[in-house]
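Positions are given from 1, in the same order as the sequence printed here. Bear in mind the structure is a predicted one, so any value in this text is a computation, not a measurement.
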Amino acid sequence: MESAEFESSLITELNRVLLQAVEEVESEERLDLAYEVLETVRFEQAHISWLDRLRNTASSVELRLAHSHLPFAEGEVRHLADPFVILENAKTQYLVNFDFVSAVSGLSELSQNSAKPDAINWLDNVWFHDLADKNLTSTWYLVGDQVIEGACRRTGFDSLDIETNSKVITIPKRSIVASRTLVAG
């Protein structure tokens, strides 16, 4: 009788040990899977551009710019058109060359890949022409910390003509760091 009781308790103990071992293996498998998922997410995140995250940001962002006269631009993204992003807040509209953005705060953690590539044509055909048509004065922040204030008179595919103090200055688009235009309102 003692032998049967001993065998029964031994079998019970072996079952408990085996169940505990199975639980530990399952726990390790879950940890391995979680680590694999984490590594996959990290890999995917490493290949997401900040511009893709900017496209998905519905709230206001702050851009730090490489220009001492305009170190910050804040607003909601209205449009991205390589190499420019248009931000707007209640008082101001900014055109920013994202090649001169040194830091961004307020980006969404999620990304949104553009279904079509950034369309410079929209910026050339609508935004710049609208700016010229409205005869609004803008402040243009250029490479080399230069600042020009004036109204856009003519738009070309690679430059803008800005009238300032009855003088027309042609600005190559590649030299534009940012532009600030006060919004009527």
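- Residues G106 and V61 approach most closely at O-CG1, 3.7 Å, considering heavy atoms.
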For this session: Would you please test N56 and R53 for side-chain contact (heavy atoms from CB on, under 4.5 Å) and show each step?
Result: CA-CA 5 Å; N56 197 52; R53 291 174 59 201; 5.9 Å; no

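- The distance from atom CG of L80 to atom CG of L51, rounded to the nearest 0.5 Å, is 6.0 Å.
- Cluster membership check: V77 shares its hydrophobic cluster with V104, using side-chain heavy-atom separations under 4.5 Å among Ile, Leu, Val, Met, Phe, Trp and Tyr.
- Considering only heavy atoms from C-beta on, V177 stays 4.5 Å or farther from L70 through its side chain.
- One hydrophobic cluster holds both L65 and W50 under the rule that ILVMFWY side chains link at heavy-atom gaps under 4.5 Å.
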Exercise. Taking it one step at a time, do L54 and F98 satisfy side-chain contact (heavy atoms from CB on, under 4.5 Å)?
Worked result: CA-CA 11 Å; L54 185 63; F98 49 73; over 6 Å; no

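- N135 approaches A151 most closely through the heavy-atom pair OD1-CB, 3.7 Å.
- Rounding to the nearest 0.5 Å gives a distance of 10.0 Å between CG of L18 and CD of E13.
- Cluster annotation: V101 is connected to V85 through the hydrophobic network of ILVMFWY side chains, with a link wherever side-chain heavy atoms come within less than 4.5 Å.
- Minimum heavy-atom separation, C152 to I162: CA-CD1, 3.8 Å.
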Exercise. So L95 and W140, side-chain contact (heavy atoms from CB on, under 4.5 Å) or not? Walk me through it.
Worked result: CA-CA 9 Å; L95 169 80; W140 300 90; 4.0 Å; yes

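- Two residues are said to be in side-chain contact when any heavy atoms from C-beta on lie closer than 4.5 Å; L160 and T170 fail this criterion.
- Nearest heavy-atom pair across A73 and V96 is CB-CG2, 4.2 Å.
- When all heavy atoms are compared, the tightest approach of Q93 to V183 is N-CG2, 3.5 Å.
- Applying the side chain to side chain donor-acceptor pair (under 3.5 Å) definition to pairs two or more places apart or across chains, none involves residues 21-31.
- Note: H69 NE2 to Y141 OH = 8.5 Å, rounded to the nearest 0.5 Å.
- Although no hydrogens or angles enter the test, the distance criterion places no donor-acceptor pair under 3.5 Å between the side chain of S159 and the main chain of G156.
- Remark: the backbone N or O of E149 is not paired with any side-chain donor or acceptor of T139 at under 3.5 angstrom.
- Atoms OG1 and CG, from T155 and D133 in turn, are 9.0 Å apart once rounded to the nearest 0.5 Å.
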Problem set entry | side-chain contact (heavy atoms from CB on, under 4.5 Å) evaluation trace for Y94 with L63 | CA-CA 10 Å; Y94 295 96; L63 304 180; over 6 Å; no

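- A donor-acceptor pair under 3.5 Å links the side-chain atoms of H67 to the main chain of L142, judged by distance alone.
- To the nearest 0.5 Å, atom CD of residue E88 and atom OG1 of residue T181 are 10.0 Å apart.
- S102 places a side-chain N or O within 3.5 Å of a backbone atom of R64 that can act as its donor or acceptor partner.
- Looking at every heavy atom in both residues, L87 comes nearest to G75 through CD2-O, 3.8 Å.
- I169 is connected to L131 through a chain of hydrophobic side-chain contacts under 4.5 Å among Ile, Leu, Val, Met, Phe, Trp and Tyr, so both are in one cluster.
- In this structure, I171 CD1 and D158 CG are separated by 12.5 Å, a value rounded to the nearest 0.5 Å.
- The number of heavy atoms from other shown groups lying within 6.0 Å of CG (N165) does not exceed 12.
- The same ILVMFWY cluster, assembled from side-chain heavy atoms under 4.5 Å apart, contains both I86 and F84.
- Put simply, the side chain of D161 never gets that close to the backbone of V168: no donor and acceptor are under 3.5 Å apart.
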